[in-house]
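Working notes, structure below.
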Amino acid sequence: MSEKKPEPLIRAEPQQKCPVCGHVSYSIGGIHPQCHSVMADRKRRELRAEEARANPPPVQASKKPGAFNGAARLRP
Ligand SMILES: [Zn+2]
């Protein structure tokens with residue numbers, strides 16, 4: 001039996017690896033949509049943290065003694 005296998009009609013594209021997670025991605029841009037959103041959220045979160053550090057909200061005295069004050073933790 002000398003039977004040859006048929007040639008593939010569609011050639012496989014070179015596999016692109018996602019720059020965020022490192023796994024093979026078949027998306028057009030070479031990056032998974034979920035990884036792209038994680039990357040965008042990371043940049044946005046860093047920007048918001050810088051803005052909050054530069055302009056911290058005023059510390060408000062709570063009526064309850066010992067209550068958590070989120071603005072106080074931004075103060076150096
Ligand atoms: Zn990915």
Side-chain angles (χ1 to χ4, degrees):
M1 298 259 287
S2 62
E3 194 170 305
K4 280 184 136 182
K5 288 185 178 177
E7 291 288 323
L9 297 176
I10 301 170
R11 297 228 174 242
E13 295 284 326
Q15 294 181 340
Q16 292 180 330
K17 297 216 173 188
C18 177
V20 178
C21 67
H23 291 102
V24 174
S25 173
Y26 297 97
S27 301
I28 293 172
I31 182 169
H32 298 120
Q34 65 270 27
C35 293
H36 195 270
S37 68
V38 166
M39 198 168 66
D41 284 349
R42 190 181 310 148
K43 286 180 189 172
R44 198 174 306 124
R45 209 176 310 128
E46 288 171 3
L47 187 70
R48 296 288 180 269
E50 278 183 30
E51 286 175 4
R53 270 186 230 112
N55 187 17
V59 178
Q60 297 172 346
S62 176
K63 292 176 184 171
K64 278 182 163 180
F68 176 74
N69 190 347
R73 67 192 168 101
L74 293 172
R75 302 238 176 222

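Here the structure is a predicted model, which means the values were calculated and not measured. For the numbers below, each heavy atom of this structure counts, side chains included, while hydrogens, waters and symmetry mates do not. Throughout, residue positions are numbered sequentially from 1 according to the sequence presented. Numbering of ligands and ligand atoms starts at 1, following listing order.
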side-chain hydrogen bond (donor to acceptor under 3.5 Å, both in side chains) pairs, two or more places apart, involving residues 30-41: Asp41-Arg44
Pairwise distance NZ(Lys5) to CD(Glu7) - rounded to 0.5 angstrom: 11.5 Å
Salt bridge (Lys or Arg N to Asp or Glu O under 4.0 Å) partners of residues 20-34, not counting sequence neighbours, each pair once: none
Every N, O or S from the protein that is nearer than 2.8 Å to the Zn ion (ligand 1): Cys18 SG, Cys21 SG, His32 ND1, Cys35 SG
Ser27: side chain to side chain contact (heavy atoms under 4.5 Å, CB included) partners, not counting sequence neighbours: Ser25, Pro33
Over 12 foreign heavy atoms within 6.0 Å of CG, Leu47: yes
